[in-house]
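This report concerns only the one structure given below.
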Amino acid sequence: MIGVLEVVAYVAAAAVALYGLFTTIRNRPPDRTHRIAVGVFEAVLVVQAVIAVVRVFTGVQLPEQSTFLIYLLVSVCVMPIALQFATAEPTRWGGTVIAVGAIGTGVAVWRLHDLWVAGHG
Amino acid sequence: MAEPERGRPPGREPRATSSGPGRVLIAVYAIFALSATARAAVQIATKFSEAPVAYLLSGLAGVVYILATIGLAGRSPGHRRLAWGAVAFELVGVLVIGTLTVLDTGDFPDDTVWSVYGRGYGFVPLVLPFIGLWWLRRTSAKG
């Protein structure tokens, strides 16, 4: 979608997911590092979403615009909810909850890429 | 005299489905609830006439995932019954729709979350209800 930013988003998603799984294996509840990692990942997603929305409303034509905008919304909403849910019960499984959110968000970004490319042949 | 407490001896209490690894299961169900419902909403709103049956099935699948999420996240016996019902329905749904779409794709011009046993979603929709039923059984009082 937005070249470099998209790659950064995948890397961040993978890093957050792996760290979440790592702390589950090490039997540690989510801590400050998870919050920072999710915060950085979320910042990348928000920047990507803002740029994409601006482009869509300033002339970029997409064949499935409503689907694109809904996926964009989903891509920024999942991680804050996942982090909240993961830290509400501080057990080892919080890390895996964060990992599930990161993987789901990564798939949403991938879908965004397909929808974006469809509009640019 | 008042009815004796219906409580079971400690240790025989059903364990909350929303604790420990159950939270991971709820997270997966929530993501499927979100994506299936959002996808169906767009399909129904923008191109319903193209494949009404498939899009209504998409919507139904989304609602089933929402109910399963609510059921698993709650702590009352009613929530547990809701979770049993929704997850069992989900299992039947993915098996029936999966089989129908494998035998004849003609009636399903657009993929639903359950088409070809959830191939479009990495077959997670096929595995998820088995894990859900196992978790409900494992956390139940008799387990």
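Per chain, numbering begins at 1; letters A, B, ... match sequence-line order.
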Same apolar cluster: B/V24 and A/L18, side chain cutoff 4.5 Å
no
Hydrophobic cluster identity match, B/L72 and B/W134, side-chain contacts under 4.5 Å:
yes
Grab the two heavy atoms, one from A/E89 and one from B/G20, that are nearest each other, plus how far apart they are.
OE1-N, 2.9 Å
State yes or no: do B/Y117 and B/L91 share one hydrophobic cluster built from I, L, V, M, F, W and Y residues joined by side-chain heavy-atom distances below 4.5 Å, directly or via other members?
yes
Members of residues 92-101 of chain A whose heavy atoms come closer than 4.5 Å to chain B
A/W93, A/T96, A/V97, A/V100, A/G101
Above 12 or not: heavy atoms from other molecules or residues under 6.0 Å from CH2 of A/W110?
no
A/V76-A/I36 co-clustered via ILVMFWY side chain contacts under 4.5 Å:
no
Just checking B/Y121: does its OH atom have more than 12 heavy atoms from other residues, nucleotides or ligands closer to it than 6.0 angstrom?
yes
Is it possible for you to say whether A/M79 and A/V40 belong to one hydrophobic cluster, with membership spreading through side-chain heavy-atom contacts below 4.5 Å?
no
Which heavy atom in B/R23 sits nearest to a heavy atom in A/A88, and how many Å separate them?
NH2-CB, 3.5 Å
B/S19 versus chain A, the contacting section by heavy-atom distance below 4.5 Å
both
OG1 (A/T105) and CD1 (B/I31) are apart, to the nearest 0.5 Å, by 6.5 Å
